[in-house]
Structure formats: C-alpha cells, structure tokens
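Reading through the structure tokens given below for one structure.
The sequence lines fix the lettering, A, B, ..., with proteins before strands; numbering per chain opens at 1. On a predicted model such as this, the values are computed, not experimentally measured, just so you know.
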Number of protein chains: 2
Amino acid sequence: MPETGMCACETVFVDEEKVRTVQENISPDETLHILANTFKLLGEPTRLKILLALSIEELCVCDIASLLGITRSAISHQLRLLKSSRLVKFRRAGKMVYYSLDDQHVKHLLKDGLEHLND
Amino acid sequence: MPETGMCACETVFVDEEKVRTVQENISPDETLHILANTFKLLGEPTRLKILLALSIEELCVCDIASLLGITRSAISHQLRLLKSSRLVKFRRAGKMVYYSLDDQHVKHLLKDGLEHLND
DNA sequence: CAAACGATTGAATATATGTTCACATGTAAT
DNA sequence: ATTACATGTGAACATATATTCAATCGTTTG
C-alpha cells in the first residue's frame, strides 16, 4: 500500500507520481546535453578567462596566449571548441585571426555567474 | 617601433597596451576559479539534470537516483559536490534526506542557459 | 617562388573525474 | 540492543580532456 511523501527507494514504498511529474516537466535529454555542454565550456578556467577577455575586447590568438601564459596551440584548441558551439566568432585580418564573442547570451551568462558569487 | 593594431606575438610587434588593458579589467584569478567551478558543476549531464529536477520539486536521493537511472551512491557523490558549493541544500526527515536548490541564482543560471539555446 | 609568421591540427601524455562496488554511518522501528 | 533501510564515503577503474610538441596550412612579404 503506497504512502504519500515517501521516496522512490528499493522498498515497496515508492512515490511514483512525484518522480513521474518531474520526469514529464524536465527538459528532454537532448536539450539537456546541449545545455550541459555550454556550461561545461564555461566551466574551465582557461576557457572562462578567454571568454571574459573577449567580453572586454576583440583579441587575436597571440594576445590571448600572452594574456593567459600558455601556448598558442592550447588556445587554438580551446577556441576550436568555443567556435564549434557558437560561443565565439572570428574574422581573418591578414595572417591574424581575431576572435570575439558570438552573441550576447554568453555575456549575460558570465554576468549572471558573477552575480551568483555575491549572495 | 611598435605599431597599433598588432598582436602580442613573438615578433617585435606587440600590442602590450591592449593586453595590459584587458589584464587590468578582467576578474582576479580567484574569482575566476570560483566562477569556473560553478559553471563546471552545471556542465555535466548528471548534475545538470539533478539541478533541473530540484528546480521543479524537492527530492530525496532515491527519487533522483530513480529519475536518472544511476546508483544512489553516484547521486550522493554528486550531491556532495553541489552541497559544498552551496548550489543545493538539504533537510533530514527521518531516514531520508531531501534536497532542494540553495538559492535563486542557480535557477536563473539554468533559465538563462536554456534561453541561450534558442537564438 | 621562397621565406616568414600566425594559426591550426594530430599524436602523445598527464591529469581530472564520473561511476560502481563494498563498507560505514545515522535514524527508526521492533 | 538489534535489525532495516536511506544515505554517505573510500578505493578502484574507466573515461574524458587540457596541454605540449611537431608538423602543416594560409597569408603576406621579400
């Protein structure tokens, strides 16, 4: 005989309704993975610093490498990830490639994240 | 003789001023690491799903485990991380422990993240 | 065309981390 | 107290990934 307020454990008492409700109201797995991927990209010091830097000013690979103190190659690898998820865009100018934030949402996410720290 | 608009590369042409400006305006490394850690916690499907579920309703460990289809142990490990970063809080009710979001910032981050997907 | 140089890519390596299993802890009921 | 059960923890393992080095690509300039 099921009781209300119990959890979905291995016992006979399972609040199936509660779990089902959440199950139905949560975002679909595909959306969820895309969202997780976006947050993951922000969740790494190197990439986050790149994005924060680009939120201030357009920069080339060398500028960023100099700023972070790591290899241009490493920066390039990270920019590739950020590029493929549409978080940054780029333009060529001769031999250089200048990177900048792709849209405003990223900037908002960064801002909201910083606000979360001061609670 | 330095030129303007050049980047901080290995050549003699280095836009030190540009890099210095960004350097000074970017968040300090400590802030940056804390922020990165927050995003990293959101940037993993299991944890993100936990948080999205908790944004709908308070749940115990078993409910979440049942919802995600992974071990209670795994859930517990993830909740420990989320707890230590103040993203979730908990209350005991007998043998059960009910988890919920710690503050509204998390919910906002989730919402903003989802909005980012529809651009 | 050839040299120079910024950027990119692939392989390799070191490190981080998500999950599970086995066991420990805490609370409630008998 | 002893048992039952939800949760927490530590070790182990598999996997993911950030960085570097070496080589290549693209563009510009001699």
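One interatomic measurement links the two molecules: CG of A:Leu79 to P of C:dA7, which rounds to 10 Å at whole-angstrom precision. The CD1 atom of A:Ile50 sits 14 Å away from the C1' atom of C:dA7 (whole-angstrom rounding). Atoms NZ (A:Lys49) and P (D:dA18) sit 17 Å apart, rounded to a whole Å. C:dG18 atom C1' lies 12 Å from atom CZ of B:Arg80, rounded to whole Å. Rounded to whole Å, the distance from NZ on A:Lys83 to C1' on C:dT8 is 8 Å. Atom CG of B:Leu82 is separated from atom P of D:dG8 by 12 Å (rounded to the nearest Å). Look at CZ on B:Arg72: it is 17 Å from C1' on D:dG10, rounded to the nearest Å. Here the P atom of nucleotide D:dG26 and the CZ atom of A:Phe90 are 13 Å apart, to the nearest Å.
The residue among B:Ala74 and A:Ser76 whose nearest nucleotide of DNA chain C lies closer to the 5′ end is A:Ser76. Between A:Lys95 and A:Leu81, the one whose closest nucleotide on DNA chain D sits nearer the 5' end is A:Leu81. Comparing A:Arg92 and A:Ile75 against DNA chain D, the residue whose closest nucleotide sits nearer the 5' end is A:Ile75.
At a threshold of 4.5 Å between non-hydrogen side-chain atoms, the residues A:Val88 and A:Ser100 do not count as touching.
You'll find a donor-acceptor pair under 3.5 Å spanning the side chain of B:Ser73 and the base of C:dC21, going by distance alone. Contact of B:His77 with C:dT20 (side chain to base): a donor-acceptor pair of N or O atoms is detected under 3.5 Å.
For D:dT19, one of the phosphate oxygens OP1 or OP2 lies less than 4.0 angstrom from a side-chain nitrogen or oxygen of A:Gln78.
Looking at A:Asp103 and A:Lys89, no side-chain N of the basic residue comes within less than 4.0 Å of a carboxylate O on the acidic one, giving no salt bridge. We find that B:Lys83 and B:Asp102 are not joined by a salt bridge, their nearest charged nitrogen and carboxylate oxygen being 4.0 Å or further apart. Using a cutoff of 4.0 Å between basic side-chain nitrogens and carboxylate oxygens, B:Lys111 and B:Glu115 are scored as salt-bridged.
Nearest heavy atom pair, residue A:Leu110 against residue B:Leu35, reads O-CD2, 4.4 Å.
Side-chain atoms of B:Thr71 lie closest to C:dT20 of the nucleotides C:dT20, C:dT9, D:dT7.
Applying the side-chain contact (heavy atoms from CB on, under 4.5 Å) test between B:Tyr99 and each of B:Leu59, B:Leu79, B:Asp63 identifies B:Leu79 as the sole match.
Note on B:Ile70: only backbone sugar-phosphate atoms sit closer than 4.0 angstrom, heavy atoms only; bases stay farther off. Here B:Tyr99 lies in heavy-atom contact (under 4.0 Å) with sugar-phosphate atoms only.
Within residues 30-47 of chain B, the residues approached by DNA chain C to less than 4.0 Å at the level of any non-hydrogen atom are B:Lys40, B:Glu44, B:Thr46, B:Arg47, in residue-number order.
In this structure, A:Arg20 CZ and A:Glu17 CD are separated by 6.0 Å, a value rounded to the nearest 0.5 Å.
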